[in-house]
Amino acid sequence: MATVDFRVGERPHITVDSDTCRSCTTRECVTACPANLFAPTSDGGILFNYEECFECGTCYLVCNTDGAIHWTYPDGGHGVVFHHG
Ligand code: SF4
Ligand code: SF4
């Protein structure tokens, strides 16, 4: 487990559901993220390094798997902000 030092209210928190990613074969996020924060793991999941994320939104746009990426704004009163339509 990675250590998460997240100060509530400071910035949105992006979470990636590695279990969902396990069934993803296209892995758009890995090549699309300009900061290279998505790394495929040997067990077929995805390792996401949130701490260097600058929240450009690209990963969310390119990911075609519903529920894989969640953006959460702790200040906003509700959790998941974006939904695939
Ligand atoms: S975040 Fe989306 S594109 Fe990336 S591995 Fe997971 S399901 Fe696939
Ligand atoms: S929001 Fe941008 S920098 Fe952050 S993980 Fe997604 S693609 Fe990478």
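Just follow the structure's listing: the first ligand is 1, and inside any ligand the first atom is 1. Here, residue 1 is the first one in the sequence, and each next residue gets the next number.
Summary of contacts: the protein heavy atom closest to atom 5 (S) of ligand 1 is R27 CD, 3.3 Å. The protein heavy atom nearest to atom 2 (Fe) of ligand 2 is C56 SG, 2.2 Å. Here the heavy atom of the protein found nearest to atom 4 (Fe) of ligand 2 is C53 SG, 2.3 Å. Protein heavy atom closest to atom 6 (Fe) of ligand 2, with residue, atom name and distance, is C59 SG, 2.3 Å.
If you number the atoms of ligand 1 from 1 as listed, the ones under 4.0 Å from a heavy atom of C21 come out as 1 (S), 5 (S), 6 (Fe), 7 (S). The I46 neighbourhood of ligand 1 comprises atoms 5 (S), with distances under 4.0 Å to a heavy atom of that residue. Ligand-side atoms of ligand 2 in range of E55: 1 (S), 4 (Fe), range being under 4.0 angstrom from any heavy atom. Close approach to E28 involves these atoms of ligand 1, each under 4.0 Å from a residue heavy atom: 3 (S).
When non-hydrogen atoms are compared, ligand 1 lies under 4.0 Å from neither the backbone nor the side chain of N64. With a 4.0 Å cut-off on non-hydrogen atoms, A68 touches ligand 1 through its side chain and not its backbone. Only the side chain of F38 comes within contact range of ligand 2, with a heavy atom under 4.0 Å; no backbone atom does.
The closest approach between I69 and ligand 1 falls below 4.0 Å for a heavy atom of the residue.
In this structure, W71 is not a member of the same hydrophobic cluster as V62, with clusters built from ILVMFWY side-chain heavy atoms closer than 4.5 Å.
Residue C63 counts as close to atom 2 (Fe) of ligand 1, with an N, O or S atom under 2.8 Å. Atom 8 (Fe) of ligand 2 has C33 among its coordinating residues (N/O/S atom, backbone or side chain, under 2.8 Å).
Nearest heavy-atom pair, D66 versus T20, reported as atom, atom and distance to 0.1 Å: O-CG2, 4.1 Å.
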